[in-house]
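Beneath this line is the structure, given in structure tokens, with notes to follow.
Scope of the values below: all heavy atoms of this structure, side chains included, with no hydrogens, waters or symmetry mates.
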Amino acid sequence: MRIPRCATGEKRSTQLGRAFYARDPQTVGKELLGKVLVHVDGTCRRAVRVVETEAYGGTEDLASHARFGPTRRAAIMFGPPGVSYVYLIYGISHCFNAVTGEEGLASAVLFRAGEPLEGCLHATTGPGNLCRALGIRRGTHNGVDLSGGRIFIEEAPPPQERILSSPRVNVAFAGSWAEKPWRYTLSGNRFVSRPWPSGGRPL
DNA sequence: CCAAGGATTGGC
DNA sequence: CCAATCCTTGGA
């Protein structure tokens, strides 16, 4: 099925290309806030405004799946940027990431929450819920190209809200790496997940 | 092969 | 607070 587009091709030109992702995950994580994450599934278009992300690094980042090196699961994080990394966590929830940085060095941005815009029939707060609402799952969407495919990011006006950075969620096992303020949220947005960012410093 | 544990969620 | 649920990883 072809993706319908308007006569001017305007929609298509707002999709972010590979160059956007080919930077460090902290920069990409912050810049993703306020942009629109879209999944076109047949005739159904599901979309959210991104309100919460987290940055994950390579082998040095003890909170990252890349900490064991390019294992079967994490190898995709070492690949080219602008590709999806979807995994199942706790046997229950799918988590959607965008691979960032240069090929050969692992990093990614986890999408943790969004504001429902189109076609969402479930909650969009929390990484597992976000995947369910967008219809994204590991079996069919791991390793797909995010520039030119059915899942992509659309450009949007800069967010009015302040951007907060705070420690990442549920990575206490990572020692001092748990303290890195690599969780990014739109201040005051009601779709941001728990725990609420406290002591997050304004950027 | 086996044991341990996790980038979560929802219910009590 | 805690169990659900299964995939991934490291080690024997």
Side-chain angles (χ1 to χ4, degrees), chain A residues 21 24-33 37 39 48 50-79 81-101 105-116 120-144 146 151 153 163-186 189-198 200:
Chain A
Y21 302 96
D24 64 273
Q26 291 80 13
T27 300
V28 175
K30 287 178 223 173
E31 291 197 13
L32 279 171
L33 296 179
L37 171 59
H39 177 206
V48 300
V50 180
V51 302
E52 178 179 357
T53 61
E54 276 179 358
Y56 286 87
T59 53
E60 72 289 344
D61 180 1
L62 297 185
S64 173
H65 287 171
R67 67 187 179 279
F68 298 123
T71 59
R72 199 170 68 172
R73 178 176 68 169
I76 197 152
M77 288 183 67
F78 291 77
V83 171
S84 70
Y85 168 44
V86 184
Y87 61 87
L88 183 65
I89 188 66
Y90 299 115
I92 302 230
S93 305
H94 298 261
C95 293
F96 172 74
N97 301 250
V99 175
T100 56
L105 297 179
S107 67
V109 171
L110 169 67
F111 290 75
R112 290 191 57 88
E115 195 175 315
C120 295
L121 303 179
H122 298 278
T124 55
T125 291
N129 288 333
L130 182 61
C131 279
R132 187 169 30 153
L134 290 173
I136 294 174
R137 43 194 193 284
R138 185 185 68 115
T140 53
H141 302 109
N142 189 30
V144 305
L146 299 179
I151 302 176
I153 299 288
I163 294 176
L164 301 180
S165 67
S166 55
R168 295 172 292 185
V169 178
N170 288 334
V171 293
F173 61 88
S176 63
W177 289 88
E179 301 162 18
K180 300 281 185 187
W182 290 349
R183 180 193 189 193
Y184 307 108
T185 56
L186 289 181
N189 190 286
R190 81 182 189 90
F191 294 98
V192 167
S193 70
R194 313 248 196 125
W196 310 120
S198 58

Residue A/I92, side-chain heavy atoms: nucleotide from C/dA4, B/dT9, B/dA7 that is nearest: C/dA4
Distance in angstrom units between A/Y87 OH and B/dA7 C1', rounded: 3 Å
Sugar-phosphate, base or nothing in reach of A/N129, heavy atoms under 4.0 Å: sugar-phosphate
Nucleotide of B/dT9, B/dG10, B/dA7 approaching A/R132 most closely (side-chain heavy atoms): B/dG10
Heavy-atom check, side chain of A/R137 versus side chain of A/V86, under 4.5 Å: no
Contact under 4.0 Å: A/R168 side-chain N or O vs B/dG6 OP1/OP2: no
Nearest-Å distance for atom pair NE2/C1', residues A/H94 and C/dC7: 11 Å
Secondary-structure stems for DNA chain B, with pairs counted as Watson-Crick or G-U when both distances are under 3.5 Å and runs at least 3 long: B:1-6 with C:6-11, B:8-11 with C:1-4
Distance below 4.0 Å between A/R73 side-chain N/O and B/dG6 OP1 or OP2: no
Heavy-atom side-chain proximity of A/Y56 to A/P25 below 4.5 angstrom: no
Euclidean distance, atom CZ of residue A/R138 to atom C1' of C/dC7 [Å, nearest integer]: 7 Å
Sole residue of A/R168, A/K180, A/R67 in salt bridge (charged side-chain N to carboxylate O under 4.0 Å, His left out) with A/D61: A/R168
Value in whole Å for how far the P atom of C/dT8 lies from CD1 of A/I89: 10 Å
Side chain to side chain contact (heavy atoms under 4.5 Å, CB included) partner of A/L130, the single match among A/L110, A/V48, A/V51, A/V50: A/V48
Residue pair A/T125 / A/E115, side-chain heavy-atom distance below 4.5 Å: no
Flag side-chain contact, heavy atom, 4.5 Å: A/M77 against A/S64: yes
A/N170 vs B/dA7: side-chain N/O to OP1/OP2 distance below 4.0 Å: no
Sugar-phosphate, base or nothing in reach of A/F68, heavy atoms under 4.0 Å: sugar-phosphate
Selected nucleotide, minimal atom distance to A/F173 side chain, candidates B/dG10, C/dT9, B/dA7: B/dA7
Aromatic plane relationship, A/H39 with A/H141 - under 30° parallel, 30 to 60° tilted, over 60° perpendicular: perpendicular
A/H65 NE2 - B/dT8 P separation (whole Å): 9 Å
Interatomic distance where CG belongs to A/L88 and C1' belongs to C/dA4 [whole Å]: 12 Å
side-chain N/O A/R112 vs B/dT8 OP1/OP2, d < 4.0 Å: yes
Ring-face cation contact, A/Y87 with A/R138, 6.0 Å cut, 45° max: no
Touch class at under 4.0 angstrom, heavy-atom based, for A/R183 against every strand present: nothing
Nearest-Å distance once atom P is located in both B/dC2 and C/dT5: 22 Å
Whether A/Y56 stacks on the six-membered ring of B/dA7 base, 5.5 Å and 30° limits: yes
Rounded interatomic separation in angstrom, taking OH from A/Y90 and C1' from C/dT5: 12 Å
Length of the CG-C1' vector between A/L110 and B/dA7, whole Å: 6 Å
